[in-house]
Amino acid sequence: MTEAPGVAPVESDRYDERDHERFALVPAAYLFLRREGQVLLQLRQGTGYRDGFWACAAAGHVEEGESVIDAAVREAAEELGVVVAPEDVRPLTVLHRGEPGGPAIEQRVDFMFEATRWTGTPSIQEADKAADLAWFPFVALPEPFVPHEAAVLRAVHDAGRHGTEMPRLMTFGF
């Protein structure tokens with residue numbers, strides 16, 4: 001439990017462990033590496049979710065005790081072998097999503113980031129989870145593409161093309 005300075009915690013401030021049985025929200029960090037109108041994508045394999053679909057090249061669940069920015073930086077290192085400084089991780093949007101027709105417990109919060117600076121050359125680091133890695137222009141994304149990520153990249157493209165702001169919050173699947 002995080003405590004405010006000078007404020008002693010009381011037992012009633014804690015959630016009941018049974019609350020986690022009825023509902024859990026899973027946070028994830030996505031880091032889109034971008035350069036000159038292109039985005040780096042991976043072809044998923046062996047993950048059990050949307051295998052055979054193109055997706056963000058660096059993404060994963062936030063681990064216990066880790067900030068969402070630290071998770072994005074860690075995923076870039078683990079999946080692509082590149083170093084991204086935390087100050088180069090720029091927020092795009094937050095996506096609250098559910099699996100259409102899925103149970104309420106299957107809700108996610110995806111923190112979408114971008115980086116245009118990093119150290120190293122991106123390459124597949126987890127060959128059991130990625131079949132390919134390639135740069136694609138926003139106007140010619142490959143198919144099939146993970147649907148909720150495609151919605152975010154369409155919003156990025158539209159914001160850049162029309163000079164509008166990227167939505168701070170998006171929803172998908174409700």
Side-chain angles (χ1 to χ4, degrees), residues 1-5 7 9 13-15 20 23-44 47 49-50 53-99 105-126 128-130 133-136 138 141 145-160 164-173:
M1 165 173 35
T2 304
E3 301 168 12
V7 178
D13 287 343
R14 296 196 45 88
Y15 287 105
H20 299 287
F23 188 80
L25 193 64
V26 179
Y30 292 68
L31 184 60
F32 290 100
L33 297 189
R34 295 179 58 186
R35 68 174 190 197
E36 303 167 5
Q38 296 181 320
V39 62
L40 185 63
L41 303 174
Q42 68 164 283
L43 182 60
R44 297 176 62 85
T47 67
Y49 178 77
R50 303 277 184 184
F53 281 66
W54 288 92
C56 179
H61 295 146
V62 177
E63 295 179 356
E64 185 176 349
E66 179 179 56
S67 78
V68 70
I69 293 172
D70 290 341
V73 167
R74 176 183 50 77
E75 291 293 345
E78 288 178 359
E79 296 185 10
L80 301 173
V82 299
V83 176
V84 179
E87 60 270 17
D88 289 330
V89 175
R90 295 190 318 241
L92 287 171
T93 192
V94 175
L95 179 69
H96 179 207
R97 68 179 167 99
E99 194 65 38
I105 198 167
E106 206 32 62
Q107 290 191 48
R108 308 290 173 134
V109 173
D110 299 329
F111 295 88
M112 303 290 190
F113 299 101
E114 69 176 354
T116 56
R117 295 184 342 172
W118 56 87
T119 303
T121 302
S123 62
I124 294 173
Q125 301 295 303
E126 298 174 325
D128 57 324
K129 296 180 181 178
L133 186 67
W135 291 96
F136 291 92
F138 279 88
L141 296 176
F145 202 93
V146 174
H148 67 275
E149 294 181 36
V152 171
L153 288 183
R154 278 194 301 275
V156 168
H157 176 262
D158 290 349
T164 58
E165 287 190 24
M166 181 71 189
R168 292 178 188 203
L169 174 68
M170 298 174 67
T171 60
F172 186 88

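Bear in mind the structure is a predicted one, so any value in this text is a computation, not a measurement.
- Between the side chain of Thr93 and the backbone N or O of Arg168 there is at least one donor-acceptor pair closer than 3.5 Å.
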Quiz prompt | From CA spacing to verdict: side chain to side chain contact (heavy atoms under 4.5 Å, CB included), Asp88, Trp118 | solution = CA-CA 8 Å; Asp88 289 330; Trp118 56 87; over 6 Å; no
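- Open room surrounds CD on Glu36; 12 or fewer heavy atoms of other groups in view lie less than 6.0 Å from it.
- Closest approach of Asp158 to Thr164, counting heavy atoms only: O-OG1, 4.0 Å.
- Distance check, rounded to the nearest 0.5 Å: CE of Met112 to CG of Leu95 gives 5.0 Å.
- Between Phe136 and Trp54, the angle of the ring planes goes over 60°, which puts this pair in the perpendicular group of the 30/60° scheme.
- The shortest heavy-atom contact between Ala72 and Ala29 is N-CB, 3.7 Å.
- Here the closest heavy-atom approach between residue Ala57 and residue Gln42 is recorded as O-NE2, 3.1 Å.
- Contact annotation: the side chain of Val152 approaches that of Met170 to within less than 4.5 Å [non-hydrogen atoms, C-beta and beyond].
- Interatomic distance, CZ of Arg74 versus OG of Ser67, reported as 10.0 Å (0.5 Å rounding).
- In this structure, the side chains of Leu80 and Leu40 come closer than 4.5 Å at one or more pairs of heavy atoms.
- Rounding to the nearest 0.5 angstrom, the gap separating the CD atom in Glu78 from the NZ atom in Lys129 is 8.0 Å.
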Exercise. Step by step, work out the side chain to side chain contact (heavy atoms under 4.5 Å, CB included) result for Asp110 and Phe172.
Key: CA-CA 11 Å; Asp110 299 329; Phe172 186 88; over 6 Å; no
Quiz item: After noting the C-alpha distance and the side-chain angles of Arg44 and Val146, does the key distance pass the side chain to side chain contact (heavy atoms under 4.5 Å, CB included) rule?
Solution: CA-CA 10 Å; Arg44 297 176 62 85; Val146 174; 4.1 Å; yes
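- Shortest non-hydrogen contact noted between Ala76 and Val84 is CB-CG2, 4.0 Å.
- Note that CH2 of Trp135 is 10.0 Å distant from CZ of Arg34, once rounded to the nearest 0.5 Å.
- When atom types are taken as modelled, the side chain of Gln125 and the backbone of Glu79 share no donor-acceptor pair closer than 3.5 angstrom.
- Rounding to the nearest 0.5 Å gives a distance of 13.0 Å between CZ of Arg117 and CG of Leu33.
- For the atom pair CZ of Phe113 and CZ of Phe32, the computed distance is 11.5 Å after rounding to the nearest 0.5 Å.
- Tyr30 is listed as a side-chain neighbour of His148, based on a closest heavy-atom distance under 4.5 Å.
- Under the 3.5 Å distance criterion, the side-chain polar atoms of Glu149 are left unmatched by any main-chain donor or acceptor of Ala55.
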Quiz prompt | Full working for side chain to side chain contact (heavy atoms under 4.5 Å, CB included) between His61 and Val26 | solution = CA-CA 7 Å; His61 295 146; Val26 179; 3.5 Å; yes
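- Residue Arg90 places its CZ atom among more than 12 non-hydrogen atoms of other residues, nucleotides or ligands, all under 6.0 Å distant.
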